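Quick caveat: nothing in here was measured; it's all calculated off a predicted structure.
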Amino acid sequence: MITSGGGGGDKTFVYNQPTPSAVWNIVHNLDKYPSVSVVDSAGTTVFGNVEYVNINEVMVTFNGAFSGKAFMN
């Protein structure tokens, strides 16, 4: 889901990873290299290795598989 804040603000994207995985491939189509924040299904912040594939795709790698959400802006 791509959204933009009121008044022409910056675009954001929320990615849902419903199936546990240690590697998340995320196509966000924001046309930029966004900051990435990740939470698990319990809402706890999780840190992983973020690799920018290109300006519209990131790959995030974690130590273990889990489901959750990634927030990009």
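A perpendicular orientation is assigned to the rings of W24 and F62, their planes being inclined by more than 60° (bins at 30° and 60°).
Side-chain atoms of V60 and I26, non-hydrogen and from C-beta on, do get closer than 4.5 Å to each other.
Cluster annotation: I55 is connected to F13 through the hydrophobic network of ILVMFWY side chains, with a link wherever side-chain heavy atoms come within less than 4.5 Å. At a threshold of 4.5 Å between side-chain heavy atoms, the hydrophobic network of Ile, Leu, Val, Met, Phe, Trp and Tyr places M59 and V39 in two separate groups. A single hydrophobic cluster is seen to contain both Y33 and V58, as judged by linkage of ILVMFWY side chains at heavy-atom distances under 4.5 Å, directly or through other members.
Between Q17 atom CD and D40 atom CG the span is 12.5 Å, to the nearest 0.5 Å. Note that the CG atom of L30 and the NZ atom of K11 stand 7.0 Å from one another [nearest 0.5 Å].
Applying the side-chain hydrogen bond (donor to acceptor under 3.5 Å, both in side chains) test to every pair with at least one member in residues 49-59, sequence neighbours left out, gives these pairs: D31-N56.
When the shell of 6.0 Å around CG of N63 is examined, it contains 12 or fewer heavy atoms from other residues, nucleotides or ligands.
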If you look only at distance, which donor and acceptor atoms sit under 3.5 Å apart when one is on a side chain in residues 64-73 and the other is two or more places apart or in another chain?
unit_1 : atom_1 : unit_2 : atom_2 : d
N73    : OD1    : S35    : OG     : 2.3

